[in-house]
Protein chains: 2
Amino acid sequence: MNKRIADLNRFISEKGLKCTRQRDAVAEVFFSVNGHITAEDLYQKVSRTHPGIGLTTVYRTLKILTEAGLAKERRFEGPQGVFEKEDTSRHHDHLICKRCGKIFEFKDPDIEKLQDAVAEKFDFIVEDHKLELYGLCGNCRKA
Amino acid sequence: MNKRIADLNRFISEKGLKCTRQRDAVAEVFFSVNGHITAEDLYQKVSRTHPGIGLTTVYRTLKILTEAGLAKERRFEGPQGVFEKEDTSRHHDHLICKRCGKIFEFKDPDIEKLQDAVAEKFDFIVEDHKLELYGLCGNCRKA
DNA sequence: ATTGATATTGAAAATCGGTTTCAAATAGGC
DNA sequence: GCCTATTTGAAACCGATTTTCAATATCAAT
């Protein structure tokens with residue numbers, strides 16, 4: 001039923017590590033979230049259905065998910081990192097409303113082409129990029 | 001001679017705050033730096049010419065500079081923030097070498113036009129943006 | 001220049017997000 | 001079931017930044 005959990009457990013086994021109830025629980029809740037979540041919020045969410053699982057384990061599981069390519073850590077403004085599901089076939093950028101905090105996702109190949117062109121001028125090869133647009137969404141502009 | 005220091009002191013006075021030797025010293029050193037600097041490094045640099053000024057004061061002054069629109073805090077990877085001079089008439093983006101950490105700056109109006117176009121699709125108006133390209137510079141590719 | 005109310009200072013303590021340590025519990029190959 | 005390595009949660013720790021606090025400095029009103 002959950003292919004990603006299977007992916008995670010395959011990754012864990014290949015590394016000679018062990019599959020545990022806690023990791024499954026954290027991963028399951030994480031995969032049920034759409035969008036972005038902090039480690040702390042994920043911990044709260046996990047605690048509701050699986051009390052007893054520690055924040056430490058949440059951090060450790062997020063690290064494994066990241067190494068497995070199933071999660072990605074991002075840093076927007078502020079000191080706290082947020083995690084989101086990684087779907088390598090669907091890289092995307094972010095549009096963030098400064099007022100209500102809503103986050104939209106998008107992808108634009110034309111922008112990416114221009115990025116590569118810019119980098120080439122500096123004798124640079126782009127492996128990854130981060131593009132965040134900050135502004136006001138339609139709702140907040142009316143208010 | 002230093003217009004930015006004057007801008008800072010005008011901002012401070014308008015807020016009903018007080019101009020001090022320490023703030024002037026921190027600001028002067030900060031404005032003499034090209035590119036990016038951490039609070040800690042700025043503190044070290046300030047200490048050389050103005051020993052006795054505390055790290056706390058450096059942080060506080062950087063905060064005021066940011067509120068005054070004279071500095072901008074950025075967060076690349078890792079927990080430590082870096083500050084740079086804000087020059088609203090010369091916004092730029094960043095090209096970061098994953099290996100040696102070197103940072104190049106660039107600006108591309110074509111990319112910005114495409115950004116506005118994307119945002120419009122979401123009924124969104126862009127006020128600010130952040131674009132970071134991560135990759136390998138020419139030197140590091142050879143090594 | 002002196003005063004006095006208020007903001008600023010530096011050092012130390014506190015906080016915050018995140019990681020490490022460690023003894024007890026568990027997974028999973030034998 | 002046994003055995004050993006991995007995992008666990010709690011607590012200690014860490015580095016970056018903020019807050020606290022008593023002493024000091026600014027500056028507007030004298």
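So that the names make sense, note that chain A is the first sequence line, chain B the second, and so on, each numbered from 1. Values below: all heavy atoms of this structure, side chains included; hydrogens, waters and symmetry mates excluded.
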### Task
Take atom CZ of A:Arg60 and atom P of C:dC22, then tell me their distance rounded to the nearest Å.
14 Å
### Task
Check the side chains of B:Asn9 and B:Asp24 for a donor-acceptor pair under 3.5 angstrom, ignoring hydrogens and angles.
yes
### Task
Please work out if B:Arg21 contacts a base, only the sugar-phosphate, or nothing of the nucleic acid, heavy-atom cut-off 4.0 Å.
sugar-phosphate
### Query
Any luck finding a side-chain donor-acceptor pair between A:His94 and A:Glu132 under 3.5 Å?
no
### Message
For B:Phe122 and A:Phe104, take the angle between the two ring planes, folded into 0 to 90°, and tell me which bin it lands in: parallel under 30, tilted 30 to 60, perpendicular over 60.
### Response
tilted
#### Entry: Toward the 5' end of DNA chain D, by each residue's nearest nucleotide, A:Leu17 or A:Tyr43
A:Leu17
### Query
Do any side-chain nitrogens or oxygens of A:Tyr59 fall under 4.0 Å of OP1 or OP2 in C:dG18?
yes
### Task
With heavy atoms under 4.0 Å as the rule, sort B:Thr20 into base, sugar-phosphate or nothing.
sugar-phosphate
#### Entry: Out of C:dA5, C:dT9, D:dT17, whichever nucleotide has its closest atom nearest the side chain of B:Lys18
C:dA5
### Message
Whole angstroms only, please: what is the CD1-P distance between B:Ile12 and C:dT6?
### Response
20 Å
#### Entry: Rounded distance in Å - CG (B:Leu62) to C1' (D:dT17)
12 Å
### Message
Please report the interatomic distance CG(A:Leu95) to NE2(B:His129), rounded to the nearest 0.5 Å.
### Response
13.0 Å
### Task
In whole angstrom, give the distance that lies between atom CD of B:Gln22 and atom P of C:dA7.
17 Å
### Message
In this structure, how many angstroms lie between the P atom of D:dT6 and the NZ atom of A:Lys15, rounded?
### Response
13 Å
### Summary
By nearest-heavy-atom nucleotide on DNA chain C, the more 5' of B:Gly16 and B:Ile53 is B:Gly16
### Message
I need the CD-P distance between B:Glu67 and D:dT18, as an integer number of Å.
### Response
11 Å
#### Entry: Validation row: B:Leu62, B:Phe30 side chains within 4.5 angstrom (heavy atoms)
yes
### Message
Distance check needed: C:dT15 P versus A:Glu40 CD, whole Å only.
### Response
16 Å
### Task
Give one of base, sugar-phosphate or nothing for A:Leu55, where a contact means two heavy atoms less than 4.0 Å apart.
nothing
### Query
Over how many whole Å does the gap from B:Lys63 atom NZ to D:dA16 atom P extend?
18 Å
